[in-house]
Engineer: 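First the structure, which I've put down as structure tokens, then a few questions once you've had a look.
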Amino acid sequence: MEHSNFIRTIIEEDLKTGKHDHIITRFPPEPNGFLHLGHARSIIMNYTLAKAFGGTFHLRFDDTNPIKEDATFIEAIKNDIEWLGCPWDDLLFASDYFDTMYEKACLLIEKGLAYVDEQSADVIRETRGTLKEPGLKSPYRDRPNAESLALFQAMKAGDFKDGEKVLRAKIDMASPNMNMRDPVLYRIQHAHHHRTKDAWCIYPMYDFAHPLEDAIEGITHSLCTLEFEDHRPIYDWVVRECEMESVPRQIEFGKLKIANEISGKRFINTLVADGVVDDYADPRLVTLSGLRKKGVPVAAIHRFIHSLGLPKSEGETSLQMLEEEIRSELSSAPRIHLVKEPLRVTITNYPSEGEILTQAADQDETLVRDIPFSAQIYIEKDDFVLEKPNKKWKRLALGIEVRLMHAYFIKAESVVTDEAGNIIEIKATYDVRTKSGTDFNERKPNGTIHFVDAKQGVPVTYMEYNPLLIENADRSQPIDAILNSDSMKSYSAIVEPAALTLPGSYFQAIRSSYVRRDEANVFHRVVALRSSFKRS
RNA sequence: UGGGCUGUCGCCAAGUGGUUAAGGCAUCGGACUUUGACUCCGACAUCGAUGGUUCGAAUCCAUCCAGCCCAGCCA
């Protein structure tokens, strides 16, 4: 359900008052990393807000720092956004505006609002002042505009080395807002840019570039996260002083953080380096590529994001909310029998031929599947215990009768063990009168379990994913101490034949989980079924 | 007395002067059940604190407390 949100309200107001008649939003990733669930809020909100009002949505790469960025991220990011179902109307690059930005910088110099500073980075930092004390003015602050302009041109021409000079805005070294203390606008970086190649050796800083990018594109509402609130004054200053025709409005919202999940770049890099996860697309990560690999349906992500709205507060959202949306999204998936850790059951009084049981899907009567059945079947190891532990136990035990879903009642009579004493087979008997669909009601079985025919069942791999971190992990601890050793488990399993022929790739493995079948017929657990079963 | 922002149930989150303070997740009971699923019933907050304004406040004012962000030539 779509929450009303304050940004939507602002947009509606701007449309009503005629401030705008066409909304343009944008998602401005820096091509230096992978997208995760947190980004999904920004992407989806920017996209849906624009589309809700017939507006335009831009994907703009904020590629203003060549030494940190790489073209390889661009395709990955585009891929993730496409997968998310938020197609952009225009694909743009900040680097395409470098000429305009340079001209605007010159304009600021000519207006006496920017100057070339020759102090080192260290000195600039030291003279910026502290949170409580004002900064010191640079000795170069009041040099003639013409001199700054000539120097800036020389910077562009490549006459200086990295760090020798910067262009600074001339605002207020005593401002309580650190961002207004003559922020650096341009720095020298003799670096190869993935798009502009070697055309430039000076690159604009975020505070200068971003507002210009927005204004150039005619962005009406520029959404960003809360930590940029302090930057709004400089954002507005740049748009105003650069005399931009279009005046975008920056609006900040709270980041989406997922409790107990890892999305930090550094942390993930460490995990990759340590071999804990394969890469950014590991199904245990909340990166978009990881979620995609696990099989999380996009619609579930959209519902999750919309259910949270667009708050100004920053909390930690439980992943359980996403999981609930996944279950609800997948609730009508075809059901299949998947037996994890199979345990053989021989039905001693069942005829040797076997039979085919035909079963219509619960959700769709037209979807009929054949379920083979014979005297040799498999059930899950966890569905059998020697002695029924309590009266709530609704599975198989010696002397106990259960229903095999879609088949017959069976009663466990004895077990076969190996030399080590492990149970390797159950001997059971069945009652022909209890066949599924006969409305047999002389006695109640001790619950219902699922099975797969031994001969016609197909061995497959079943992958189970769990949180990467232990519960309430203390991030200050060494990684080894907070890692969940069971975060990824591979099980041998056996599925009914229909599980490989049914259309689609999402299924509900009865009594277990929603699964995604991949091209290699590996079954991935997308999310476990809910369970009110209490072990105690 | 540096600046900016936030504070409604364990976790999200509606609510903007008159409601029994929505809803979801989680939890706890119970019904139903050829999935311990689904579904359905039921339980579960006086709104960071304290004062004030008002017939009436989570919503207005004041003070206080707590948390987050800012001193990159990162974004």
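These figures come from a predicted structure and were not determined experimentally. Numbers restart at 1 for each chain; the letters A, B, ... are given by sequence-line order, proteins then strands.
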Engineer: Mind calculating the distance between CD (A:Glu229) and P (B:rC5) to the nearest angstrom?
Structural biologist: 6 Å
Engineer: Tell me, please, which residues at least two apart from A:Ser512 pass side chain to side chain donor-acceptor pair (under 3.5 Å).
Structural biologist: A:Tyr462
Engineer: Identify which nucleotide among B:rC5, B:rC25, B:rU34 has an atom closest to any side-chain atom of A:Ser436, counting heavy atoms from C-beta outward.
Structural biologist: B:rU34
Engineer: Does B:rC9 have a Watson-Crick or wobble mate here (both distances under 3.5 Å), and if so which one?
Structural biologist: none
Engineer: To the nearest Å, give me how far apart CZ (A:Phe533) and P (B:rC28) are.
Structural biologist: 14 Å
Engineer: Where along residues 442-453 of chain A does a heavy atom come under 4.0 Å from RNA chain B, residue by residue in number order?
Structural biologist: A:Thr448
Engineer: With A:Tyr97, which of A:Glu213, A:Lys104, A:Arg60, A:Glu217 fulfils side-chain hydrogen bond (donor to acceptor under 3.5 Å, both in side chains)?
Structural biologist: A:Glu217
Engineer: Applying ring pair (Phe, Tyr, Trp, His ring centres under 6.0 Å) as the test, list every pair that has at least one member in residues 317-337 of chain A; sequence neighbours left out.
Structural biologist: A:His337-A:His406, A:His337-A:His450, A:His337-A:Phe451
Engineer: Can you tell me the Watson-Crick or wobble partner of B:rG42, both distances under 3.5 angstrom?
Structural biologist: B:rC28
Engineer: Are OP1 or OP2 of B:rA26 and a side-chain N or O of A:Arg530 less than 4.0 angstrom apart?
Structural biologist: yes
Engineer: Give me the distances for all protein-to-nucleotides 8-11 of chain B N/O pairs that come in under 3.5 Å?
Structural biologist:
| unit_1 | atom_1 | unit_2 | atom_2 | d |
| --- | --- | --- | --- | --- |
| B:rC11 | O3' | A:Glu316 | O | 3.3 |
| B:rC11 | O2' | A:Glu316 | O | 2.9 |

Engineer: Provide the Watson-Crick or G-U wobble partner of B:rU63, both distances under 3.5 Å; none if there is no partner.
Structural biologist: B:rA49
Engineer: Who pairs with A:Glu13 by salt bridge (Lys or Arg N to Asp or Glu O under 4.0 Å), at least two apart in sequence or on another chain?
Structural biologist: A:Lys16
Engineer: Give me the distance, rounded to whole Å, that separates B:rC9 from B:rG51 when you measure between the C1' atoms they each carry.
Structural biologist: 26 Å
Engineer: Quote, to the nearest angstrom, the C1' distance that separates B:rU33 from B:rU46.
Structural biologist: 40 Å
Engineer: With rounding to the closest Å, how many angstrom separate the C1' atoms on B:rG4 and B:rA58?
Structural biologist: 24 Å
Engineer: Which heavy-atom pair separates A:Tyr514 from A:Ser331 by the least distance, and what is that distance?
Structural biologist: OH-CA, 3.4 Å
Engineer: With both distances under 3.5 Å as the test, what is the Watson-Crick or G-U wobble partner of B:rC55?
Structural biologist: B:rG18
Engineer: How far does the C1' atom of B:rC64 sit from the matching atom of B:rU27, given to the nearest Å?
Structural biologist: 35 Å
Engineer: On a whole-Å scale, what distance lies between the P atoms belonging to B:rC68 and B:rU59?
Structural biologist: 25 Å
Engineer: Rounding to an integer number of Å, can you tell me how far A:Arg303 CZ sits from B:rG24 P?
Structural biologist: 14 Å
Engineer: Per the salt bridge (Lys or Arg N to Asp or Glu O under 4.0 Å) rule, what does the pair list look like for residues 174-196 of chain A, sequence neighbours excluded?
Structural biologist: A:Asp96-A:Arg195, A:Arg141-A:Asp182
Engineer: Mind checking the C1' distance from B:rA14 to B:rG23? Whole angstroms is fine.
Structural biologist: 7 Å
Engineer: Considering only atom C1', compute the distance from B:rG15 to B:rG7 and round it to an integer number of Å.
Structural biologist: 15 Å
Engineer: Tell me: CD of A:Glu252 to P of B:rG4, nearest whole Å?
Structural biologist: 13 Å
Engineer: Report all interatomic pairs (protein N or O, nucleotide N or O of nucleotides 70-73 of chain B) with separations under 3.5 Å.
Structural biologist:
| unit_1 | atom_1 | unit_2 | atom_2 | d |
| --- | --- | --- | --- | --- |
| B:rA71 | O2' | A:Arg128 | NE | 3.4 |
| B:rC73 | OP1 | A:Arg128 | NH2 | 3.0 |
| B:rC73 | OP2 | A:Arg128 | NH1 | 3.3 |
| B:rC73 | OP2 | A:Arg128 | NH2 | 3.4 |
| B:rC73 | N3 | A:Gly163 | O | 3.4 |
| B:rC73 | N4 | A:Gln119 | O | 3.0 |
| B:rC73 | N4 | A:Ala121 | N | 2.9 |
| B:rC73 | N4 | A:Gly163 | O | 3.0 |

Engineer: Does a side chain donor of either A:Asp207 or A:His231 reach within less than 3.5 Å of an acceptor in the other side chain?
Structural biologist: yes
Engineer: Need the pair for B:rA71. Rule: Watson-Crick or G-U wobble, both distances under 3.5 Å, any strand; none if unpaired.
Structural biologist: none
Engineer: Which nucleotide in the set B:rA37, B:rA26, B:rA75 lies at the smallest distance from any side-chain heavy atom of A:Glu30?
Structural biologist: B:rA75
Engineer: I need the full list of salt bridge (Lys or Arg N to Asp or Glu O under 4.0 Å) pairs touching residues 434-453 of chain A, with sequence neighbours left out, sorted by first then second residue.
Structural biologist: A:Glu355-A:Lys435, A:Glu401-A:Arg443, A:Asp431-A:Arg443, A:Arg433-A:Glu442
Engineer: Does NZ or CZ of A:Lys156 fall inside the cone over A:Tyr102's six-membered ring, less than 6.0 Å from its centre and within 45° of the axis?
Structural biologist: yes
Engineer: For the P atoms, the ones on B:rA45 and on B:rA31, what distance do you get once it is rounded to whole angstrom?
Structural biologist: 24 Å
Engineer: Which of these nucleotides, B:rC68, B:rU34, B:rU35, is closest to any side-chain atom of A:Glu314?
Structural biologist: B:rC68
Engineer: Would you please name every residue forming a side chain to side chain donor-acceptor pair (under 3.5 Å) with A:Asp162, sequence neighbours left out?
Structural biologist: none
Engineer: In whole angstroms, how far is the C1' atom of B:rC38 from the CG atom of A:Leu330?
Structural biologist: 14 Å
Engineer: Which is more 5' along RNA chain B, the nucleotide nearest A:Leu529 or the one nearest A:Asp62? Just name the residue.
Structural biologist: A:Leu529
Engineer: For A:Glu325, which residues count as a salt bridge (Lys or Arg N to Asp or Glu O under 4.0 Å) partner, sequence neighbours excluded?
Structural biologist: A:Arg303
Engineer: Return the 5'-most residue of the pair A:Asn65, A:Arg403 with respect to RNA chain B, ranking by each residue's nearest nucleotide.
Structural biologist: A:Arg403
Engineer: Report the glycosidic orientation of B:rG42: syn if within 90° of 0, anti in every other case.
Structural biologist: anti
Engineer: Nearest whole angstrom, please: distance from the C1' of B:rA13 to the CZ of A:Arg41.
Structural biologist: 11 Å
Engineer: Could you list the residues that satisfy ring pair (Phe, Tyr, Trp, His ring centres under 6.0 Å) with A:Tyr378, not counting sequence neighbours?
Structural biologist: none
Engineer: Salt bridge between A:Lys340 and A:Glu380, side-chain N to carboxylate O under 4.0 Å?
Structural biologist: no
Engineer: Kindly say if A:Ser532 contacts the phosphate of B:rA37, meaning a side-chain N or O under 4.0 Å from OP1 or OP2.
Structural biologist: yes
Engineer: Which salt bridge (Lys or Arg N to Asp or Glu O under 4.0 Å) pairs, counting each pair once, include a residue from residues 32-43 of chain A, with sequence neighbours left out?
Structural biologist: none
Engineer: Can you tell me the distance, in whole Å, between the CD atom of A:Glu380 and the C1' atom of B:rU35?
Structural biologist: 12 Å
Engineer: Is A:Thr64 near enough to B:rA75 that one of its side-chain N or O atoms lies under 4.0 angstrom from OP1 or OP2?
Structural biologist: yes
Engineer: From CZ of A:Arg395 over to P of B:rU34, roughly how many Å is that when rounded to an integer?
Structural biologist: 18 Å
Engineer: For A:Lys312, report the nucleic acid contact type (base, sugar-phosphate, nothing); a contact means any heavy atom under 4.0 Å.
Structural biologist: sugar-phosphate
Engineer: List the atom of A:Val452, the atom of A:Glu496, and the distance in Å for their closest heavy-atom pair.
Structural biologist: CG2-N, 3.7 Å
Engineer: So what does A:Pro311 touch, heavy atoms closer than 4.0 Å: a base, only the sugar-phosphate, or nothing?
Structural biologist: sugar-phosphate
